[in-house]
Amino acid sequence: MTTLADPVPGGRPGDVERATALSVELSGQGVRGIVLAYVDTAGIGRVKTIPTARLASAAAWGVGMSPVFDTFLANDSIVSTDVLGSPDGDLRLYPALDQLVVLSGQPGWAWAPVDRITQEGERHPACSRTFLRRIVTDAARHHGITFKAGIEVEWSIGQGSAAGDEFVPATSGPAYSATRQVELSDYAAELMGAFTAQGVDVDQIHPEYAAGQFEISVGALDPVAAADRSVLVRQTIRAVSQRHGLKVSFSPAVFAEGVGNGGHVHISAWRDGVNLHSGGDRRYGMTAEAESFAAGVLAHLPALTAVTAPSPASYLRLKPSQWAGVFTAWGRETRESAVRVITGTAGRREQAANLEVKPVDLAANPYLALGCLIAAGLDGLESSAPLAEEITGDPARFSASEAAAWGVRRLPTSLDEAVEEFRKDERLRAALGPVLADAVIAVRLGEIAAVAGLDDELVAAAYRWKY
């Protein structure tokens with residue numbers, strides 16, 4: 001079913017007039033071009049750019065781009081399915097005018113995410129943004145539930161003078177240290193200024209654990225806007241970093257050893273303006289529906305990793321005792337569990353309570369990740385799935401028999417294992433639809449083949465600058 005949010009040939013009602021006015025306004029601000037952005041199945045941001053004067057035309061008729069990118073790998077090799085990966089055909093990219101922003105870190109440019117439709121005006125079945133919007137719309141229609149979501153962004157900052165594929169941290173300060181913040185103070189201040197100018201509300205920005213690593217947390221939005229914002233945040237970080245002579249990586253593993261870059265997802269379910277994760281009669285104030293939603297996420301996590309941890313490099317990060325959440329367990333504020341229940345501080349729990357899903361990194365397409373997480377949670381909600389007992393501490397301490405007694409399972413340790421779990425998960429594949437589900441499998445198998453025979457250090461190097 002087409003909604004008002006879906007593009008149509010000729011433009012949605014009012015879009016052409018709005019785009020015409022916007023192009024005049026943007027030109028007056030010195031904006032010369034507009035970046036039209038989407039994320040492919042491999043998690044790579046792809047773009048077309050247009051002159052500002054062409055915005056109205058794009059709103060009416062879209063901008064052409066081949067569907068072949070749905071089966072591109074991170075190294076730009078192409079795999080195929082029965083319907084994708086051919087040189088034939090064309091799609092139309094339609095800018096989401098509500099999300100268009102002037103890029104503070106790229107003077108002369110604005111940015112907008114796109115939806116992709118066919119030349120016949122139908123939804124493109126492999127458009128991940130359209131997929132997420134459909135999942136969210138169906139949840140509201142069938143369950144009366146809306147969502148708020150946010151994606152943490154961790155990145156490693158390297159010296160711009162480093163040769164070739166080498167990564168040399170731009171700061172040598174200890175984890176979370178004042179030293180590191182001071183050394184990159186001007187850089188971080190410009191980042192915050194850019195986000196303010198772009199209307200992105202920043203909750204925190206700070207040094208993280210790994211060498212040269214920082215993290216930013218931004219305000220929660222509806223899931224589609226949250227995924228858009230994740231893409232925009234990374235675009236902005238890249239641009240500001242370059243202006244400071246720095247080189248950044250969002251790869252799950254910059255090196256084979258050590259803590260990698262995560263993209264933890266925070267999500268909460270709401271009905272009629274009430275947070276289902278607070279004020280209920282279940283554990284830590286959760287409602288029965290919130291518990292079942294969390295249970296659904298946990299049940300599908302092994303298969304979800306093919307979407308949330310989609311790179312061979314992801315499995316260099318997903319290791320026990322590194323706060324990556326590699327066991328199917330939950331706990332209140334337990335950072336080693338895959339699902340962390342956050343109640344928030346007393347006095348703010350009605351707004352702040354949410355779930356944090358930890359085995360997610362920034363190789364993931366954020367639209368696919370959020371859509372599949374919601375589909376998994378709704379599966380638990382619809383079946384009133386019981387939520388297991390919580391764990392405390394590190395699940396890695398359990399023996400095999402203890403883990404079985406607690407219902408704690410190790411998540412896949414390789415992309416091969418994740419693909420096999422995904423193949424068996426009928427609910428996730430049905431939510432994606434056959435075209436997109438087959439694309440996920442084909443691209444993951446392509447990534448596996450691309451690094452066959454490489455040791456961990458070479459795998460890390462292969463993806464270091466891809467994300």
Side-chain angles (χ1 to χ4, degrees), residues 5 34-40 43-47 93-106 109-116 127-137 146-155 188 190-206 208 214-241 248 250 261-270 307-308 342 351-352 354-357 360-374 467:
I34 299 170
V35 178
L36 305 181
Y38 72 96
V39 183
D40 70 12
I44 302 298
R46 307 285 180 182
V47 302
L93 313 184
Y94 278 78
L97 299 179
D98 286 345
Q99 300 298 326
L100 188 149
V101 297
V102 176
L103 291 172
S104 177
Q106 291 177 255
W109 290 93
W111 176 96
V114 300
D115 291 295
R116 298 179 294 153
C127 178
S128 58
R129 191 173 190 269
T130 303
F131 156 70
L132 175 56
R133 190 172 60 251
R134 174 175 56 79
I135 292 290
V136 170
T137 300
T146 58
F147 298 92
K148 294 183 180 180
I151 300 174
E152 296 178 6
V153 172
E154 294 179 346
W155 74 103
E190 184 172 337
L191 272 177
M192 287 191 286
F195 289 126
T196 298
Q198 293 172 183
V200 176
D201 52 319
V202 174
D203 291 336
Q204 299 180 50
I205 181 170
H206 58 84
E208 252 288 347
F214 267 61
E215 177 186 311
I216 184 169
S217 300
V218 297
L221 298 169
D222 75 85
V224 177
D228 291 339
R229 176 173 280 185
S230 176
V231 179
L232 174 62
V233 164
R234 282 176 273 175
Q235 176 96 8
T236 304
I237 289 171
R238 286 191 190 282
V240 172
S241 299
V248 297
F250 300 99
N261 292 315
H264 304 165
V265 170
H266 292 259
I267 190 163
S268 54
W270 298 66
V307 176
T308 64
I342 299 173
Q351 292 297 316
N354 70 90
L355 300 179
E356 181 187 34
V357 184
V360 188
D361 62 53
L362 298 172
N365 176 318
Y367 305 96
L368 293 182
L370 281 169
C372 287
L373 283 170
I374 291 170
Y467 308 110

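Owing to the predicted nature of the structure, the values given are computational and were not obtained by experimental measurement.
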### Query
Are Y367 and S230 close enough, and set up right, to give a side chain to side chain contact (heavy atoms under 4.5 Å, CB included), and what steps lead you there?
CA-CA 10 Å; Y367 305 96; S230 176; over 6 Å; no
#### Entry: Spacing of CG belonging to L221 relative to CZ belonging to R229, to within rounding of 0.5 Å
4.0 Å
### Message
Can you give me the closest heavy-atom contact between W155 and I205, atom names plus distance?
### Response
CH2-CD1, 4.1 Å
### Task
Provide the closest heavy-atom pair for E154 versus F250 in the form atom of the first, atom of the second, distance.
O-CD2, 3.7 Å
### Minimum-distance pair of heavy atoms, taken over all atoms of Q198 and G105
OE1-N, 4.0 Å
### Message
If I compare all heavy atoms of N365 with all of D40, which pair ends up nearest, and what's the gap?
### Response
ND2-O, 3.2 Å
### Task
Name all residues meeting the side-chain hydrogen bond (donor to acceptor under 3.5 Å, both in side chains) criterion together with R129; count only those two or more places apart in sequence or in a different chain, and write none if there are none.
D115, D228
### Task
Using a 4.5 Å cut-off on heavy atoms from C-beta on, say whether the side chain of V39 contacts that of P366.
yes
### Query
Of all heavy-atom pairs between L370 and A149, which one has the smallest distance, and what is that distance?
CD2-CB, 3.9 Å
### Message
Distance check, rounded to the nearest 0.5 Å: N261 atom CG versus D361 atom CG?
### Response
8.5 Å
### Message
Nearest 0.5 Å, please: how far is CD1 in I267 from CD in E356?
### Response
12.5 Å
### Query
When V224 is tested against each of I135, L132, T130, D98 for side-chain contact (heavy atoms from CB on, under 4.5 Å), which residue passes?
L132
### Summary
Rounded to the nearest 0.5 angstrom, the CD-CD distance for E208 and E215 is 4.5 Å
### Query
Does R234 reach the main-chain N or O of L362 with its side chain, forming a donor-acceptor pair under 3.5 Å?
yes
### Task
Apply side chain to side chain contact (heavy atoms under 4.5 Å, CB included) to the pair V233 and F195, showing each step before the final yes or no.
CA-CA 8 Å; V233 164; F195 289 126; 3.9 Å; yes
### Query
Out of curiosity, Y467 OH to I44 CD1, how far, rounded to the nearest 0.5 Å?
5.5 Å
### Task
Taking the side chain as every heavy atom from C-beta outward, state whether D222 and T146 have any atom pair closer than 4.5 Å.
no
### Query
How close do P223 and F147 get, heavy atom to heavy atom, and via which atoms?
CD-O, 3.4 Å
### Task
For S241, check side chain to side chain contact (heavy atoms under 4.5 Å, CB included) against everything at least two apart and list the hits.
Y187, I237, L246, V248
## Note on the structure
Rounding to 0.5 Å, atoms NZ (K148) and CD (Q351) come to a distance of 5.0 Å
### Evaluation steps, side chain to side chain contact (heavy atoms under 4.5 Å, CB included), between L373 and V307
CA-CA 9 Å; L373 283 170; V307 176; over 6 Å; no
